[in-house]
Number of protein chains: 2
Amino acid sequence: MPGVSDCIEMLDSETKAAETPEDHAEELRLWLRLLTCTTLIEGEVRGRLRQRFDVTLPRFDLMAQLDKAPDGMTLSDVSKRMMVSNGNVTGLVERLVESGHLDRRTSETDRRVQVIRLTKLGRAEFRRMASEHETWIADLFADLTPKDVRELMRLLAKTKASAQKSAARRRP
Amino acid sequence: MPGVSDCIEMLDSETKAAETPEDHAEELRLWLRLLTCTTLIEGEVRGRLRQRFDVTLPRFDLMAQLDKAPDGMTLSDVSKRMMVSNGNVTGLVERLVESGHLDRRTSETDRRVQVIRLTKLGRAEFRRMASEHETWIADLFADLTPKDVRELMRLLAKTKASAQKSAARRRP
DNA sequence: CCAAATTGTTTTAAGCCTAAAATGTTTCCT
DNA sequence: AGGAAACATTTTAGGCTTAAAACAATTTGG
């Protein structure tokens, strides 16, 4: 019969797990709900970007990163920020340079490094899309009160920290 | 100078938006944080599935849907549940039938419909993966208290409802 | 100095994913 | 019955994504 002591022993999660299979159904449900929310919103944003501006979500995301960096970013920077693979960025950038939204040049000081920036066209188009994008997001979250938003921010920060810790445990 | 009345007027978000450009920075930050959390966890799960079981996340997700439906599901059902396109499911199923994890047959009563089920092999492999998967999730969320989990569940349910409402507004 | 390790990027091979059009089947409506 | 609408799935064309290997340039440690 489980009691208060479980909560204390559980601080050391290794030892006990081997003995009795824990019930992690709540966390699993939470993960599925988190994933559902994100997928739902992401799909909605993707569709609106395509319909309104004929642009893909990854292209928009990449431009968003560059808009915050007037002096440009290296491909690695972008890859880390967007949390996607290096090779992914290479292809994305290629297409955006091709369409005239990005400017790519090799760093003067380190010939391995490629620095990319928004072109004038790229920046103008991004700003136009971003302002509309912001209203979509506001609308998607419209039923949350300011307090809800604050609380979600706090809990998601905690979630992110927890997940990063767990990831680091596995891959130190 | 903004005051209390803004909070009240804002209940009708349409009218005011046209006059003064609102500040939706908070919602935007929330969305980015939500996306970061999901991407982080999803990447971690994807990597572990690949390393431990040499299986992709979409394959695992599809098997998870079928595990909950002993009598099988139609491709449309799966597509709706997974929130992915029909064509996507077709290909995914094809590969899983090929590898012997799924059984696909045309419905007796409606020749348009394909019913898919886990095979014995598929179910066994899924169960094996799922139990380990559950511990990963628990570990990723380990720093959240039971209260945090409950609160996140509540707020994400509210978020989902809000987003669905917004999506329905656009596409009635 | 120079070989080894590290870093930044690209390439490769395979799979995932979408939107839209096409195909085949059933239902609905008169 | 018979044509139109609705439905389930597949196909198509193109883009996204990853992991791993390959390549190129720099840094590091004898």
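Residue numbers begin at 1 in each chain, while the letters A, B, ... track the order of the sequences.
- Rounded to an integer number of Å, the gap from A:Asn88 CG to C:dG8 P is 18 Å.
- The structure places CG of B:Leu66 at 11.0 Å from CG of B:Asp61, a figure rounded to the nearest 0.5 Å.
- Atom-to-atom distance recorded for B:Arg33:CZ and B:Cys37:SG is 8.0 Å, nearest 0.5 angstrom.
- Scanning residues 92-117 of chain A for heavy-atom distances under 4.0 Å to DNA chain C yields A:Arg104, A:Arg112, A:Val113, A:Gln114.
- No side-chain N or O of B:Thr119 forms a donor-acceptor pair with one of B:Asp103 less than 3.5 Å apart.
- First and last contacts of DNA chain D with chain B, using any nucleotide atom under 4.0 Å from a protein heavy atom and ordered 5' to 3', fall at D:dC7 to D:dA20.
- Partners of B:Arg111 according to the salt bridge (charged side-chain N to carboxylate O under 4.0 Å, His left out) rule, which considers only residues two or more places apart in sequence or in another chain, do not exist here.
- Between A:Asp143 and the options B:Lys165, B:Lys158, B:Lys160, a salt bridge (Lys or Arg N to Asp or Glu O under 4.0 Å) holds for only B:Lys165.
- B:Arg154 has a carboxylate O that lies under 4.0 Å from a charged side-chain N of B:Glu151, or vice versa, which qualifies the two as a salt bridge.
- Within residues 46-53 of chain B, the residues having any heavy atom closer than 4.0 Å to DNA chain D are, in order of number, B:Arg50.
- Within residues 64-86 of chain B, the residues that have a heavy atom under 4.0 Å from DNA chain D are, in order of number, B:Thr74, B:Leu75, B:Ser76, B:Asn86.
- Residue B:Arg81 places its CZ atom among 12 or fewer non-hydrogen atoms of other residues, nucleotides or ligands, all under 6.0 Å distant.
- Each of A:Arg59 and B:Thr90 has a nearest nucleotide on DNA chain D; the 5'-most of these lies closest to B:Thr90.
- A straight line from CG of B:Asp54 to C1' of C:dG15 spans 13 Å, rounded to a whole angstrom.
- A side-chain donor-acceptor contact under 3.5 Å links B:Arg117 to the backbone of B:Asp71.
- If you check the side chains of A:Thr106 and A:Gln114, you find a donor sitting under 3.5 Å from an acceptor.
- No donor-acceptor pair under 3.5 Å is formed between the side chain of A:Ser79 and the backbone N or O of A:Leu75.
- Side-chain N or O atoms of A:Thr159 include one that pairs as donor or acceptor with a backbone N or O of A:Leu155 at under 3.5 Å.
- The salt bridge (charged side-chain N to carboxylate O under 4.0 Å, His left out) test applied to B:Asp67 returns B:Arg123, B:Arg127, not counting sequence neighbours.
- Interatomic distance, CE of A:Met63 versus CE of A:Met129, reported as 3.5 Å (0.5 Å rounding).
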